[in-house]
Amino acid sequence: MAEIIRSVKGTRDFYPQDMAIRRWMFDIIREVSAQFGYQEYDGPCLEFIDLYAAKSGEELVKEQAFVFSSPGDDMLTLRPELTPTLARMVAQQQYEIAFPLRWWSIGPFWRYENPQRGRTREFFQWNIDLVGTESITADAEIIAVAANFFKKIGLSPQQVKIFVNNRRLMDQAFAKLEISQALRPKVFRVVDKLDKLSVKEWQAYALDTGLSEIQVAGLMDLVKNEDLWQESEDLCELFELLKVFEVADYVQYNPRVIRGLDYYTGTVFEAFEQGGQSRAILGGGRYDNLVADVGGNRLTGVGFAMGDVVMELVLRDAGVIPEKLGNTPEVVVTVFDEETLVESLKLALFLRESGFKTVVYPEPDKLGKQFKYADRLDISVAVILGPDEISSGQVAVKNLKTREQVTIKREDLLEQIGEFLPMGR
RNA sequence: GUGCCUGUAGCUCAAUGGUUAGAGCGCGUCACUGUGGAUGAUGAGGUUGAGGGUUCGACCCCCUUCAGGCACCCCA
């Protein structure tokens, strides 16, 4: 056998059983998004590199994007994120769109990273945004969308938590500690490290970034202060609203959530798996200048993004992925010989029109082999059509799960199949 | 970019430096000419990732290289 050309590093093959899980997950995303009145959109997977250069910074484009020149010598990139595309699309029609807009999307993205658990080079991301309002209600709604997704997919507040903070609040707190503006991006990273390092390591790391000992001590107090939110009007209002949205049990204040991105200006949030791995599932927040960078008017919004890779890991850990996802055929029609093949095909046609997912064994073969095939495909019902049945206007129906078999009149076939099929098909 | 681990049958894995590299699962055929999963019999399937070295002898030890996994870095 010739050697099989391997798949590209960091990509995934979706066999039918994998695809069924993806479909299931995406359907819930679609359902929740639509339920809140969001409209689906999408952009191209290919964009000019300039689109990202304007906004995302050098490092992302140079080191993590798939960049190449087209035959026409344009510098193109496989989109590493959706936000710049969204910004462009909004800017292009800024006088046409009815604001506030509620848009969502799911599609493939590419980043040239070192693949490892929970991280691939090709992945899917759910993006959802509410653009054109500064109301805190919008922040609450977006968080409620995330919480409702968790609820619907089967993750409880004990299994997953959305941690919320406010960038402005943290900026004020940093100002009180007299941490300079220039140092703050680094300080964000310091804060982010707190849960990963020991106290001593963390202090050393913090001092290393240029903070004074007093500042380090102050910072430590700050990021351990779970009541800090009370100093922020926005957060007080947000938490009240989250109660109204009936998602408060999924949400918790956390002063250590800041998000690396510079463009977040108010509310920031990240959902984490609770317990063992504690992986970040989704993240988002409020931003001030979505479209200004690509030449539009100032527009604020709030949104989040969720990758499918970590999400699926978490769902697996939680054991909430259904065993049966209903992507298998339901009925197999057996074929006795060349003469009866046409009868089998006609019967299958009838079953399909009646709404059953039906396959026909493609050629005459031993019944045993046909059953074995059906069994391998996890098909529940076999319809047996041989010369005896044809001449008597009957049909044999076998429940492959229970081995029960009955011979009935043709007109009773649909009812019989319905009886043999497992519930909830 | 850095570090650790792993590459043996289609899959999951064995095999003190010593005969012809094995097992389970899967696959083919038969027992079974209109009835599957079980059982039994039997068969196919390998350049041990690749290249070099040490050795009387290498799946095993050493070097190089390729690939994969995991962690760090980073995470828009």
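Here is how names work: the chains are called A, B, and so on, in the same order as the sequence lines, proteins then strands, and each is numbered from 1.
- Here OH of A/Tyr112 is found 13.5 Å from OG1 of A/Thr77. Values are rounded to the nearest 0.5 Å.
- Both distances falling under 3.5 Å, in either a Watson-Crick or a G-U wobble arrangement, occur for no nucleotide opposite B/A15.
- The side chain of A/Asn114 approaches B/G1 more closely than any other nucleotide in the set B/G34, B/G1, B/C74.
- In this structure, the CD atom of A/Glu113 is 12 Å from the P atom of B/C74, given to the nearest Å.
- Nucleotides B/C63 and B/A21 have their C1' atoms positioned 25 Å apart, rounded to a whole Å.
- Within the nucleic acid shown, A/Glu389 comes within 4.0 Å of at least one base atom, counting heavy atoms only.
- Distance, A/Tyr15 OH to B/G10 P: 14 Å, rounded to whole Å.
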- Item | Trace of the salt bridge (Lys or Arg N to Asp or Glu O under 4.0 Å) decision for A/Glu113 with A/Arg119 | CA-CA 8 Å; A/Glu113 306 199 69; A/Arg119 180 182 292 187; 3.1 Å; yes
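- Judged by distance alone, with hydrogens and angles left aside, A/Arg119 brings a side-chain donor or acceptor within reach of the base of B/C75, the pair sitting under 3.5 Å.
- A straight line from CZ of A/Phe336 to P of B/U35 spans 10 Å, rounded to a whole angstrom.
- In this structure, A/Lys193 places its NZ atom 9 Å from P of B/C75, rounding to the nearest Å.
- Here, B/G3 and B/U64 have their P atoms 12 Å apart, quoted to the whole Å.
- The partner of B/U20 is absent, by the rule that a Watson-Crick or G-U pair needs both atom distances under 3.5 Å.
- Look at B/C61: its Watson-Crick or wobble partner, with both distances under 3.5 angstrom, is B/G53.
- Straight-line distance from the CZ atom of A/Phe304 to the P atom of B/C75: 22 Å, rounded to whole Å.
- Taking the C1' atom of each, B/C27 and B/U2 are spaced 44 Å apart, rounded to whole Å.
- The closest side-chain donor-acceptor pair between A/Arg88 and A/Gln92 falls under 3.5 angstrom.
- Judged by Watson-Crick or G-U wobble contacts below 3.5 Å, the nucleotide B/U47 has no partner.
- Atom CZ of A/Arg117 is separated from atom C1' of B/G69 by 11 Å (rounded to the nearest Å).
- If you check every strand for non-hydrogen atoms under 4.0 Å, A/Lys9 touches sugar and phosphate atoms only.
- Annotation for A/Phe48: atom CZ does not count as buried by contact number, only 12 or fewer foreign heavy atoms lying within 6.0 Å.
- One can place CZ of A/Arg121 at 18 Å from P of B/C75, the figure rounded to the nearest angstrom.
- At least one side-chain nitrogen or oxygen of A/Gln116 sits closer than 4.0 Å to the OP1 or OP2 atom of B/A71.
- Put simply, OH on A/Tyr264 is 12 Å from C1' on B/C75, counting in whole angstrom units.
- Note that A/Lys398 lies in the cation-pi zone of A/Phe371, set by a 6.0 Å cut-off to the ring centre and a 45° limit from the axis.
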- Could you write nucleotides 24-29 of chain B as a row of B, S and -, 5' to 3', where a protein heavy atom under 4.0 Å of any base atom gives B, of only sugar-phosphate atoms gives S, and otherwise -? --SS-S
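- Using cut-offs of 30° and 60° on the angle between ring planes, the pair A/Phe272 and A/Phe163 is tilted.
- A salt bridge links A/Glu31 with A/Lys152: the closest approach of a Lys/Arg side-chain nitrogen to an acidic carboxylate oxygen falls below 4.0 angstrom.
- When both pairing distances are held under 3.5 Å, B/G7 makes a Watson-Crick or G-U pair with B/C66.
- Here, B/U54 and B/A58 have their C1' atoms 10 Å apart, quoted to the whole Å.
- Nucleotides B/C59 and B/U47 place their C1' atoms 13 Å apart, quoted to the nearest Å.
- The C1' atoms of B/C32 and B/A41 are separated by 14 Å, rounded to the nearest whole Å.
- Remark: A/Glu81 does not engage A/Arg111 in a salt bridge, criterion side-chain N to carboxylate O under 4.0 Å.
- With a cut-off of 3.5 Å on both Watson-Crick or G-U wobble distances, the partner of B/G34 is given as none.
- Classification of A/Arg286 and A/Asp234 as a salt-bridged pair fails, no side-chain N sitting under 4.0 Å from a carboxylate O.
- Across all strands shown, B/C73 forms no Watson-Crick or G-U wobble pair with both key distances under 3.5 Å.
- In this structure, A/Glu343 pairs ionically with A/Arg410, as a charged nitrogen and a carboxylate oxygen lie closer than 4.0 Å.
- Take the nearest nucleotide of RNA chain B for A/Glu404 and for A/Val8: the residue whose nucleotide is more 5' is A/Glu404.
- Closest to the A/Gln64 side chain, of the nucleotides B/U35, B/G36, B/C74, is B/C74.
- A sub-4.0 Å separation between OP1 or OP2 of B/C75 and a side-chain N or O of A/Arg189 is present.
- Nucleotides B/A23 and B/C61, compared at atom P, are 24 Å apart to the nearest Å.
- Across all strands, A/Gln370 comes closer than 4.0 Å to no nucleic acid atom at all (heavy-atom distances).
- Only the P atoms considered, B/G53 is 39 Å distant from B/G43, to the nearest whole Å.
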